[in-house]
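Below, all heavy atoms of this structure are taken into account, side chains as well, without hydrogens, waters or symmetry copies.
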Amino acid sequence: MLILEKDTLPGRSVVSCPLLLSSGMQLLDEIGIEESIYAPDNTRFAGVALEMSEYFRTFVEIPDVYGRHFLYGIDRQVLDEALWKNLDRFSNVTQLENFSVRELQKNEEGRVNGVIGMFKGGESQAFSANCVIGADGRHSIVARKANAVVTEEVTQYNTAVYYAYWEGVEPYKALEKEWVQIHSGCNGFSAVVIPASKGLTGVLAQCRHDYFDAPAGVDEWYHSTLQSFPRVLGRLKNARQVTALSGMKNVGNLFRQASGKGWALAGDAYHQKDSYDAQGIYDALLGAKILASQLTDWKEGKKSWDMAMESYNSEVHDALHPMFMSTLDRLKREMFSSPSPKMANGLLRWVLTNKKYRERFGLLATRSIPPKNWASPAVMISAILSGAVSDIRRKRNQEEWWKLPAL
């Protein structure tokens with residue numbers, strides 16, 4: 001097996017400031033990558049603190065799944081290096097860095113049977129193969145050269161997101177625990193603060209794609225967006241930005257054709273969705289696991305290539321599509337809708353602060369329950385009724401415990 005990487009590790013450049021949940025950690029366990037390798041000094045966060053503008057906040061804890069009840073903010077360079085070094089365990093794997101694929105080789109029947117590319121420095125080379133797997137990101141050269149069609153795309157909920165790493169960011173502590181901060185402006189803009197390793201913290205600014213306007217440049221847009229969120233800005237008062245901005249002004253949501261004659265796609269090359277639900281790493285690992293199983297059946301002669309790829313197409317779509325729809329639904333509700341103050345302080349607060357709803361969302365985030373109907377009508381109705389009744393009682397006692405405390 002030959003693995004080609006266009007960059008040098010460590011130091012690979014990739015747009016990613018991810019969260020890693022217990023579901024993703026379990027898949028890393030399965031391929032022999034220990035937690036201490038990709039999260040050597042990372043803080044274990046109890047979950048996320050979700051702030052809805054200045055209206056209220058709620059805490060979503062990570063349930064105990066696969067023996068873990070926490071999440072990490074991850075440095076992608078550290079994780080990518082761990083994945084790369086893990087391949088050293090396999091004697092039948094050859095790894096080459098600094099090689100960019102430019103073309104696909106095909107036989108007379110049009111089946112892909114190798115790649116043509118170039119090492120940094122100009123040396124061109126061709127490699128033959130029984131099959132070619134494109135795990136080369138959202139701008140996949142394999143997908144383009146194989147003419148992989150987009151099978152489903154939703155563009156009306158695209159967002160723009162940019163981030164940089166900072167040092168000296170104040171921790172977010174509440175309820176005797178530490179949390180990842182998600183702050184929604186309830187106006188199509190949001191910010192996320194994700195502490196990672198080595199004392200660095202990823203600070204993200206996000207907005208609806210149609211709201212993105214940066215006439216003075218992306219840096220000015222990023223800082224002015226953070227300025228609009230005092231509860232985020234308060235954590236940055238003694239901090240400094242230590243990396244350049246990275247991100248995208250149009251995050252797509254789509255599926256591509258998963259395979260064809262002699263080729264298959266995995267990760268973002270196959271499926272892309274907004275980072276809003278922090279499912280990217282899990283989806284990539286799960287898709288690779290499904291593909292590996294089908295490739296094994298093909299190599300062992302249990303299935304023909306066409307049968308193996310038909311199974312892969314079906315299984316990977318069934319595994320990823322429900323969460324795709326759930327994420328789009330959340331984007332529609334939370335990023336592309338602007339609740340009135342009455343709605344935010346009423347219905348929205350009743351639902352998002354409800355214990356059962358938060359528990360269900362934690363199970364959804366860790367993929368412990370199916371995305372479809374994860375918040376059933378019964379859960380929603382119970383949350384609304386409970387919230388309304390509780391408000392009546394609190395008003396009698398002149399309590400306003402849900403309001404955000406001063407930083």
Practice task
Determine whether the aromatic ring centres of Phe45 and Phe70 lie less than 6.0 Å apart.
Solution key: no
Problem - Non-hydrogen side-chain atoms of Tyr270 and Leu320 separated by less than 4.5 Å - result: yes
Practice task
Using the test salt bridge (Lys or Arg N to Asp or Glu O under 4.0 Å), find all partners of Asp29 that sit at least two apart in sequence or belong to another chain.
Solution key: Arg68
Exercise for the section: Among Glu51, Glu54, Glu170, find the residue that satisfies the salt bridge (charged side-chain N to carboxylate O under 4.0 Å, His left out) test when tested with Arg231. Expected result: Glu54
Problem - For Leu291 against Tyr312, the heavy-atom pair lying closest together - result: CB-CE1, 3.5 Å
Practice task
Tell me, please, which residues at least two apart from Glu178 pass salt bridge (Lys or Arg N to Asp or Glu O under 4.0 Å).
Solution key: none
Practice task
Report yes if some heavy atom in the side chain of Ile31 is under 4.5 Å from a heavy atom in the side chain of Leu83; otherwise report no.
Solution key: yes
Fill in the blank from the handout: Sorted by chain and number, sequence neighbours left out, ring-ring contact (aromatic ring centres under 6.0 Å, His included) with Tyr357 holds for Trp374
Problem - Non-hydrogen side-chain atoms of Phe119 and Gln125 separated by less than 4.5 Å - result: yes
Completion exercise
Looking only at heavy atoms, the pair that brings Ala365 and Leu21 closest together is O-CD2, 3.5 Å
Practice task
Flag yes if more than 12 heavy atoms outside Asn373 fall under 6.0 Å of its CG atom; otherwise flag no.
Solution key: no
Handout entry: Ring geometry between Trp179 and Phe59 (parallel below 30°, tilted from 30 to 60°, perpendicular above 60°)
Key = tilted
Exercise for the section: Please tell me if the side chains of Phe56 and Leu348 come closer than 4.5 Å, counting only heavy atoms from C-beta onward. Expected result: yes
Practice task
Report the residues that fulfil side-chain contact (heavy atoms from CB on, under 4.5 Å) with Arg358, sequence neighbours left out, ordered by chain and then residue number.
Solution key: Thr58, Val60, Lys355
Exercise for the section: With sequence neighbours excluded, tell me which residues meet salt bridge (Lys or Arg N to Asp or Glu O under 4.0 Å) with Glu300. Expected result: Lys302
Handout entry: Heavy-atom pair of closest approach, residues Asp136 and Ala269
Key = OD1-CB, 3.9 Å
Practice task
State, yes or no, whether a side-chain contact exists between Asp391 and Trp350 at a heavy-atom distance under 4.5 Å.
Solution key: yes
Handout entry: Partners passing salt bridge (Lys or Arg N to Asp or Glu O under 4.0 Å) against Glu30 (at least two apart in sequence or in another chain)
Key = Lys289
Practice task
Please lay out, stage by stage, how Asn130 and Trp305 fare under the test side-chain hydrogen bond (donor to acceptor under 3.5 Å, both in side chains).
Solution key: CA-CA 10 Å; Asn130 291 327; Trp305 172 264; over 6 Å; no
Handout entry: Exercise: identify the closest heavy-atom pair between Gln257 and Leu265
Key = O-CD1, 3.4 Å
Practice task
Take Ile281 and Leu79, measure what side chain to side chain contact (heavy atoms under 4.5 Å, CB included) needs, and give me the verdict at the end.
Solution key: CA-CA 10 Å; Ile281 292 177; Leu79 177 60; 3.7 Å; yes
Handout entry: Verdict with reasoning, Leu104 to Val115, per side chain to side chain contact (heavy atoms under 4.5 Å, CB included)
Key = CA-CA 4 Å; Leu104 298 180; Val115 298; 3.9 Å; yes
Practice task
Give me the one residue out of Val193, Leu71, Thr201 that meets side chain to side chain contact (heavy atoms under 4.5 Å, CB included) with Val180.
Solution key: Leu71
Exercise for the section: Using the test side-chain contact (heavy atoms from CB on, under 4.5 Å), find all partners of Lys356 that sit at least two apart in sequence or belong to another chain. Expected result: Asn354, Glu359, Arg360, Val379
Exercise for the section: Please report the closest heavy-atom contact between Tyr157 and Asn253, naming both atoms and the distance. Expected result: O-ND2, 3.9 Å
Exercise for the section: Using a cut-off of 6.0 Å, state whether more than 12 heavy atoms not belonging to Glu81 lie near its atom CD. Expected result: yes
Exercise for the section: For Asp277 and Thr327, test the side chains for any donor-to-acceptor distance below 3.5 angstrom and give the result as yes or no. Expected result: yes
Handout entry: Sequence-distant partners of Phe229, ring-ring contact (aromatic ring centres under 6.0 Å, His included), two or more places apart
Key = His183
Practice task
Any chance you could lay out the salt bridge (Lys or Arg N to Asp or Glu O under 4.0 Å) test for Arg367 and Asp283, step after step, and finish with the verdict?
Solution key: CA-CA 10 Å; Arg367 305 293 269 270; Asp283 282 351; 3.0 Å; yes
Practice task
Any chance you could lay out the side chain to side chain contact (heavy atoms under 4.5 Å, CB included) test for Met323 and Tyr282, step after step, and finish with the verdict?
Solution key: CA-CA 11 Å; Met323 195 68 199; Tyr282 175 82; over 6 Å; no
Exercise for the section: May I ask you to check whether over 12 heavy atoms, not counting those of Lys198, lie within 6.0 Å of atom NZ? Expected result: no
Practice task
Please report the C-alpha distance between Lys85 and Asp88 in whole Å, then the side-chain angles of each, then the deciding distance to 0.1 Å, and finally whether the salt bridge (Lys or Arg N to Asp or Glu O under 4.0 Å) criterion is met.
Solution key: CA-CA 6 Å; Lys85 287 184 175 180; Asp88 292 340; over 6 Å; no
Show every donor-acceptor pair shorter than 3.5 Å between a side-chain atom in residues 216-223 and any protein atom, with sequence neighbours excluded, or say none if there are none.
residue	atom	partner	partner atom	Å
Tyr222	OH	Trp166	NE1	3.0
Tyr222	OH	Val203	O	2.7
His223	NE2	Gln241	OE1	3.0

Fill in the blank from the handout: Sorted by chain and residue number, the ring-ring contact (aromatic ring centres under 6.0 Å, His included) partners of His317 (sequence neighbours excluded) come out as Phe255, His321
Practice task
Might you confirm whether atom CD of Glu34 has over 12 heavy atoms from other residues, nucleotides or ligands at distances under 6.0 Å?
Solution key: no
Practice task
Would you tell me whether Gln95 and Glu5 have side-chain atoms, one donor and one acceptor, within less than 3.5 Å of each other?
Solution key: no
Problem - Glu109/Lys261 under salt bridge (Lys or Arg N to Asp or Glu O under 4.0 Å): CA gap, chis, key distance, verdict - result: CA-CA 9 Å; Glu109 288 81 37; Lys261 294 181 178 180; over 6 Å; no
Problem - side-chain contact (heavy atoms from CB on, under 4.5 Å) against Asn92, all qualifying residues, sequence neighbours excluded - result: Phe90
Fill in the blank from the handout: Sorted by chain and number, sequence neighbours left out, side-chain contact (heavy atoms from CB on, under 4.5 Å) with Pro370 holds for none
Practice task
State, with a plain yes or no, whether a side-chain heavy atom of Thr43 is found less than 4.5 Å away from one of Pro195.
Solution key: no
